[in-house]
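Numbers restart at 1 for each chain; the letters A, B, ... are given by sequence-line order, proteins then strands.
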Amino acid sequence: MRLSRYFLPTLKETPAEAQIVSHRLMLRAGLMRQHAAGIYTWLPLGFAVLKRIEQIVREEQNRAGAQELLMSTIQSADLWRESGRYDDYGKEMLRIRDRHERDLLYGPTNEEVITDVFRGCVRSYKDLPLNLYHIQWKFRDEVRPRFGVMRGREFLMKDAYSFDLDLDSARHSYNQMFVAYLRTFARLGLKAIPLRAETGPIGGDLSHEFIVLADTGESEVECHGALLEKAVPEGVDYDGDLQPVVDAWTGLYAAADEMRDAAAADALGDTLVRARGIEVGHIFHLGKKYSEAMGATVTGPDGEPVTVTMGCYGIGVSRLVGAIIEASHDEHGIIWPASVAPFHVGLINLKTGDAATDAACATLYERLGPDRVLYDDRDERAGAKFADMDLIGLPWQVIVGPKGLAKGVVELKDRASGAREEVSTESALARLVG
RNA sequence: CGGGGCGUAGCUCAGCCUGGUAGAGCGCUAGCUUUGGGAGCUAGAUGCCGGAGGUUCGAAUCCUCUCGCCCCGACCA
C-alpha cells in the first residue's frame with residue numbers, strides 16, 4: 001500500500017479525551033476515532049489489526065473443534081424472558097422497541113440465542129458434543145465507558161458455547177477451550193496467564209479468566225513466577241486427554257483481586273510475582289442454567305431426555321487491540337507483534353522525487369509485496385516519515401535514502417529493538433521475504 | 001448512579017475572574033528556500049465560542065436550563 005493513497009490520519013498531538021497509552025496511541029496512529037462515549041469507528045489501519053486478531057482467534061477455535069456461525073446483534077426480548085434474565089440484566093442492556101411495539105435488545109451476550117438454536121436443531125445425544133462460536137459485535141451500556149476500546153460499550157467479542165451430555169464431557173469441552181486460549185494469546189504475542197475466577201452460582205472450579213500482563217492493567221495479579229516462563233503447548237491433540245496440560249497451568253498459584261490468598265502468596269517467597277493485568281478472556285462452565293430454563297434436551301442412549309450441560313467461552317477481540325498496545329509500546333509509539341501487524345514492513349523513501357531512491361523503493365515495494373508493505377512515498381520530510389512509521393509500529397522498516405544508495409545500501413530497522421543495520425537491497429529482501 | 005472537570009479553528013490550547021471588533025502554535029492551501037528524526041520565510045483559508053433561554057446599549061465572558069465528553073468512586077457473566 002502506498003501511504004500517499006492510504007487513509008491514515010495520524011496525530012502529532014494527543015487528543016484531550018484520551019488518558020491511557022493505548023487509547024492515545026490508537027487515536028494518534030490513526031487506528032480509530034471515537035464516535036460517542038464507548039463507541040468507535042475503526043479506520044483502515046486499526047481495522048486491519050482487528051481482522052488479524054480475529055483470524056488468529058478463529059483459527060485456534062476451529063483447531064480446537066469449535067464451529068463458527070453468526071448470530072444477529074439484535075435479539076428478541078422473549079428469549080430473555082424465558083431464561084429470566086430480561087429483568088435481571090438491568091440497565092446495562094440496551095433495549096429497543098420496533099414499530100410493532102415488540103421488545104428487542106442489542107445483544108450483550110448470546111446464551112439465550114444459541115440455546116434456542118440448539119434446542120431447535122439438536123435431538124440426539126449422538127450429535128454431542130457440540131461447540132459453536134461466533135465473532136460478533138456486542139453492546140453493553142456501561143455506566144462509565146473508559147480506556148478507549150478496552151472498556152467500550154460496543155465491542156467485538158468471540159463467544160463460544162459448548163453443549164455436552166454430562167459433566168465429564170463438559171469438562172473436556174472446557175479443557176479444549178482452555179488450551180485453545182493459551183495458544184491464541186501466545187500467537188498474539190502476549191504473555192497471558194489463567195486465573196481461577198469466581199464461578200457464581202454454579203460453583204466448582206470451572207471458571208478461569210485469562211489476564212494479559214501489562215503495567216497499566218486494571219487488575220492486580222499475583223502468581224508463581226514459573227507461570228510466566230511456561231511453554232505453550234504445541235501440536236495439541238484436542239481429542240486426547242487435555243487434563244494434564246490444564247493441571248500444569250492451574251496447579252501453580254495465580255490470583256487477582258478478590259481471589260487472592262495471602263497465605264498461598266507468602267508461601268511462594270521469592271518466586272511470587274506481582275503484576276498488573278488486563279482481562280482478555282473468560283471461560284465458564286454453565287451447567288444447566290440455560291438448558292433447563294429453556295428446555296434444551298436431547299434423547300439419551302437409553303431413550304430418556306437429557307438436559308444438556310453447557311459452557312461459554314469469551315475473548316474480547318476489540319479489547320485485545322488495546323491490550324496488545326498496552327503490553328507492547330514505547331515512547332515513540334506502538335510496537336506490533338508480527339502476528340497482528342497490519343503490514344510487515346514500512347518502506348521509507350527519504351527523498352521522494354529523487355530518481356535513484358524512487359527506483360530503489362519501487363523495486364523493494366514490488367518484490368516485498370504491496371500487501372505486506374506500507375510504502376511511505378509521500379512528499380514529506382524525513383523526520384515526519386520516521387515519526388509516523390515509529391508511531392504505527394510495523395515490525396520492520398526499510399529506509400532508503402540517497403546517501404545510502406550511493407554506498408549501495410539501505411537501512412533495515414527493527415522497530416522493537418530500534419536496531420538499525422546497513423545492508424544491500426538484496427540482503428534486505430532476503431531477510432524480509434524469507 | 002454519587003463527586004469533580006471540560007466544551008472556543010482539523011489538533012493542542014489562551015481569552016472568561018473584571019462584558020466592548022475572535023486569538024496563538026501545530027495542521028491545511030499557494031509560492032520560494034530546504035531535505036537522514038515531526039523545517040524556514042511569505043501570502044492565504046478556516047469558527048453558530050456545544051445548544052436554548054435570560055440580564056445588558058452590547059455576551060465566548062454574567063445567570064438559568066440543557067446536551068456532549070473526560071476524570072475519581074461505585075459497578076463490570
Side-chain angles (χ1 to χ4, degrees), chain A residues 9-20 23-24 27-28 30 33-40 80 83-85 88-93 107-112 138-148 150-153 155 157 159-161 197-202 206-209 218-219 256-258 278-279 281-287 289-290 310-316 319 331-333 348-354 357 376 378-392 397-407 409-411 413 418 420 422:
Chain A
T10 59
L11 261 25
K12 189 145 84 173
E13 292 176 277
T14 302
E17 74 217 38
Q19 298 299 316
I20 65 162
H23 191 188
R24 291 178 170 183
L27 292 168
R28 286 194 53 213
R33 285 291 183 270
Q34 180 160 323
H35 171 80
I39 302 177
Y40 299 88
W80 287 68
S83 71
R85 287 164 103 193
D88 293 349
Y89 215 90
K91 290 190 168 176
E92 215 175 84
M93 182 153 75
T109 178
N110 288 67
E111 283 83 0
E112 283 79 0
K138 308 287 190 295
F139 193 92
R140 292 181 195 171
D141 199 0
E142 300 273 353
V143 192
R144 189 185 157 208
R146 61 185 120 169
F147 306 145
M150 303 254 287
R151 187 73 177 281
R153 292 192 292 174
F155 56 98
M157 177 165 135
D159 42 325
Y161 302 89
E198 300 218 59
T199 48
I202 308 298
L206 289 182
S207 176
H208 288 86
E209 52 184 328
E218 275 191 271
S219 14
D257 303 328
E258 73 284 352
I278 300 161
E279 182 184 347
H282 205 149
I283 58 178
F284 286 89
H285 173 64
L286 291 172
K289 176 172 177 182
Y290 298 95
M310 295 173 57
C312 72
Y313 316 92
I315 289 180
R319 170 181 280 194
E331 68 270 28
H332 301 296
I348 298 180
N349 184 340
L350 285 179
K351 194 166 183 179
T352 304
D354 177 272
T357 57
D376 192 346
R378 296 174 303 169
D379 184 19
E380 287 288 342
R381 299 176 64 81
K385 295 188 176 191
F386 288 135
D388 269 343
M389 204 55 89
D390 283 348
L391 177 63
I392 66 174
Q397 294 173 18
V398 176
I399 301 160
V400 180
K403 291 180 191 169
L405 286 182
K407 292 190 291 178
V409 297
V410 297
E411 217 168 293
K413 175 175 164 181
R420 305 201 282 185
E422 292 195 329

(message) I'd like to know if the side chain of Arg146(A) reaches the main chain of Arg151(A), judged simply by a donor and an acceptor atom lying under 3.5 Å from each other, with no hydrogens or angles considered.
(response) no
(request) Under a 3.5 Å limit for both distances, which nucleotide forms a Watson-Crick or G-U wobble pair with A39(B), could you say? (result) U33(B)
(message) Any donor-acceptor pair under 3.5 Å linking the side-chain atoms of Thr357(A) with those of Asn349(A)?
(response) yes
(message) Any donor-acceptor pair, under 3.5 Å, between the side chain of Arg146(A) and the base of C70(B), if you only look at N and O atoms?
(response) no
(message) Which nucleotide wins on minimum distance to the side chain of Ala36(A), given the candidates U12(B), C69(B), G36(B)?
(response) C69(B)
(message) Both distances below 3.5 Å, Watson-Crick or wobble geometry, any strand: find the nucleotide opposite U18(B).
(response) none
(request) Please tell me which of the listed nucleotides, A74(B), U12(B), C76(B), lies nearest to the side chain of Val143(A)? (result) A74(B)
(message) Before you tell me yes or no, could you show the steps for Tyr89(A) and Thr109(A) under side chain to side chain contact (heavy atoms under 4.5 Å, CB included), namely the whole-Å CA-CA distance, both residues' side-chain angles and the distance that decides it to 0.1 Å?
(response) CA-CA 11 Å; Tyr89(A) 215 90; Thr109(A) 178; 4.2 Å; yes
(request) Look up atom CE in Met389(A) and atom NE2 in His332(A), then write down how far apart they are to the nearest 0.5 Å. (result) 15.0 Å
(message) Using whole Å, what does the distance between atom C1' of nucleotide C72(B) and atom CD of Glu218(A) come to?
(response) 14 Å
(message) Determine whether Arg85(A) and Glu111(A) satisfy the following criterion, salt bridge (Lys or Arg N to Asp or Glu O under 4.0 Å), listing intermediate values before the conclusion.
(response) CA-CA 10 Å; Arg85(A) 287 164 103 193; Glu111(A) 283 83 0; 3.3 Å; yes
(request) Select one nucleotide: of C76(B), A77(B), U12(B), the one nearest the side-chain heavy atoms of Arg151(A). (result) C76(B)
Which atom pairs, donor and acceptor, lie under 3.5 Å between side-chain atoms of residues 11-18 of chain A and protein residues at least two apart or in another chain?
none

(request) Return the nucleotide paired to A9(B): Watson-Crick means purine N1 to pyrimidine N3 with N6-O4 or O6-N4, wobble means G-U with N1-O2 and O6-N3, both under 3.5 Å. (result) none
(request) State whether Lys385(A) and Glu380(A) are salt-bridged, where the test is any N-O pair (Lys NZ or Arg NE/NH1/NH2 against Asp/Glu carboxylate O) under 4.0 Å. (result) no
(request) Using the P atoms only, state how far G4(B) lies from U8(B), rounded to an integer number of Å. (result) 22 Å
(message) Looking at every heavy atom in both Ala197(A) and His282(A), which two are closest together, and how far apart are they?
(response) CB-NE2, 3.4 Å
(request) Among the candidates U12(B), A77(B), C71(B), find the nucleotide nearest to the side-chain atoms of Gln19(A). (result) C71(B)
(request) Summarise how protein sits on nucleotides 22-33 of chain B as a single string, 5' to 3': B when a protein heavy atom is under 4.0 Å from the base, S for sugar-phosphate-only contact, - for no contact. (result) ---BS-------
(request) Using only side-chain N and O atoms of Gln34(A), determine if any of them is under 4.0 Å from OP1 or OP2 of G68(B). (result) no
(message) Checking base pairs now: Watson-Crick or wobble, both atom distances under 3.5 Å. What partners A52(B)?
(response) U64(B)
(message) Using a distance-only criterion (donor-acceptor N/O pair, under 3.5 Å, no hydrogens), is the base of A77(B) paired with the side chain of Arg140(A)?
(response) yes
(message) Is there, by distance only and without an angle test, a donor paired with an acceptor across the side chain of Arg144(A) and the base of G3(B) below 3.5 Å?
(response) no
(request) For G44(B), give its Watson-Crick or G-U wobble partner with both distances under 3.5 Å, or none. (result) C28(B)
(request) Among C11(B), C75(B), C70(B), find the nucleotide with the atom closest to the side chain of Glu17(A). (result) C70(B)
(message) Work out how far the C1' atom of G38(B) is from that of A74(B), and round it to whole angstrom.
(response) 42 Å
(message) Taking the C1' atom in each of G50(B) and G44(B), what is the distance between them to the nearest angstrom?
(response) 28 Å
(request) Establish, with yes or no, whether the OP1 or OP2 oxygen of G38(B) is under 4.0 angstrom from a side-chain nitrogen or oxygen of Arg381(A). (result) no
